[in-house]
Amino acid sequence: MRRPCCDKQHTNKGAWSQQEDQKLVDYIQKHGEGCWRSLPQAAGLLRCGKSCRLRWRNYLRPDLKRDGFGEDEEDLIIRLHALLGNRWSLIAGRLPGRTDNEVKNYWNSHIRKKLEYSHRHVGFTRLRAEISAARSKNQANDPETFIDFNGGKLEPTSKSSSGINLDLTLSIPSKNFESSDEN
DNA sequence: AACAAATACAACCGCCTAGGT
DNA sequence: CACCTAGGCGGTTGTATTTGT
């Protein structure tokens, strides 16, 4: 049996209050991130360490964007998802100010529906064909190689108008590569 | 106006893995 | 090596809000 990450009987659950947020922010500003297990007690929070980490990373971090996703970002998510599947943290790593949770939620609630529509109406099918061709070309050369995949075309590095880094230099994972983008 | 259904997103859960011993 | 732990991840759930009837 796995030991629970904390004593759940003595922790709060559910939505965070403003006071809890403030305690967490204050503590991290003073001491920095790290040692999430001991943080709740040190910060005076009745929360599980994992919960603190999640709250900080997904909501309280000062570098997070809180506005909606732009077209550039949406396009990049679609392309990255076609390459990587549901590896949300990798995808989020390419989107400054975005979290894996945010990207995942956005995918599930917005993009997936759009793509279901697009699948039925040509456009996205063509994009996937391009991606697939790029993939097999790179794998054929050397399975360990890197893909330079810029905006769906094999072109040199560039940045989009909104400053998103579109230089998709990605090491191809050996397993689960043909992952769940068919749903 | 009242209710139901759909949507959006914050948060939780359990598994996996890297690193330390 | 095997074992343990903390941190990270993706899937899923819970709930507040919005939209439709």
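Counting atom types as modelled, A:Lys50 pairs a side-chain N or O with a base atom of B:dG14 as donor and acceptor under 3.5 Å. If you check distances only, the side chain of A:Asn105 does reach the base of B:dA10 with a donor-acceptor pair under 3.5 Å.
Residues from residues 53-61 of chain A that place a heavy atom under 4.0 Å from any atom of DNA chain C, listed by number: A:Arg53, A:Arg57.
Of the candidates A:His81, A:Arg98, A:Glu73, A:Val103 forms a side-chain contact (heavy atoms from CB on, under 4.5 Å) with just one, namely A:Arg98.
Inter-residue side-chain proximity for A:Leu76 and A:Ile91 is flagged as unmet; no heavy-atom pair is nearer than 4.5 Å. Considering only heavy atoms from C-beta on, A:Ile28 stays 4.5 Å or farther from A:Leu60 through its side chain. A:Phe69 places a side-chain heavy atom less than 4.5 Å from the side chain of A:Ile77. For the pair A:Lys104/A:Asn108, a side-chain contact is recorded, criterion being any heavy-atom separation below 4.5 Å from C-beta on. Two residues are said to be in side-chain contact when any heavy atoms from C-beta on lie closer than 4.5 Å; A:Leu90 and A:Leu80 fail this criterion. Counting heavy atoms from C-beta on, the side chains of A:Trp16 and A:Tyr59 never come closer than 4.5 Å.
Across the protein-nucleic acid pair, A:Arg37 atom CZ and C:dG7 atom P stand 9 Å apart, rounded to whole Å. Look at NZ on A:Lys104: it is 16 Å from P on B:dA8, rounded to the nearest Å. Separating the CD atom of A:Glu102 from the P atom of B:dT7 is a distance of 20 Å, rounded to the nearest angstrom. When rounded to the nearest whole Å, the span between CG of A:Asn108 and P of B:dA11 equals 18 Å. Between the CH2 atom of A:Trp36 and the C1' atom of B:dA11 there is a distance of 15 Å, rounded to whole Å. Remark: P of C:dA6 and CD of A:Gln41 are 13 Å apart, rounded to the nearest angstrom.
Side-chain nitrogen and oxygen atoms of A:Ser51 include at least one within less than 4.0 Å of the OP1 or OP2 phosphate oxygen of B:dC12. Taking side-chain N and O atoms only, A:Trp88 has a distance below 4.0 Å to OP1 or OP2 of C:dG11. Note on A:Lys13: a side-chain N or O is less than 4.0 Å away from OP1 or OP2 of B:dC13. Contact annotation: A:Arg47 side-chain N/O to B:dC12 OP1/OP2 distance is under 4.0 Å. Taking only side-chain nitrogens and oxygens, A:Ser89 comes nearer than 4.0 Å to OP1 or OP2 of C:dC9.
With 3.5 Å as the limit, one finds a donor-acceptor pair spanning the side chains of A:Asn12 and A:Glu20.
Scanning DNA chain C for stems, defined as runs of 3 or more consecutive Watson-Crick or G-U wobble pairs whose donor-acceptor distances all fall under 3.5 Å, gives the following ranges: B:2-21 with C:2-21.
With A:Ser51 contributing its side chain and A:Arg47 its backbone, the two residues share no donor-acceptor pair below 3.5 Å.
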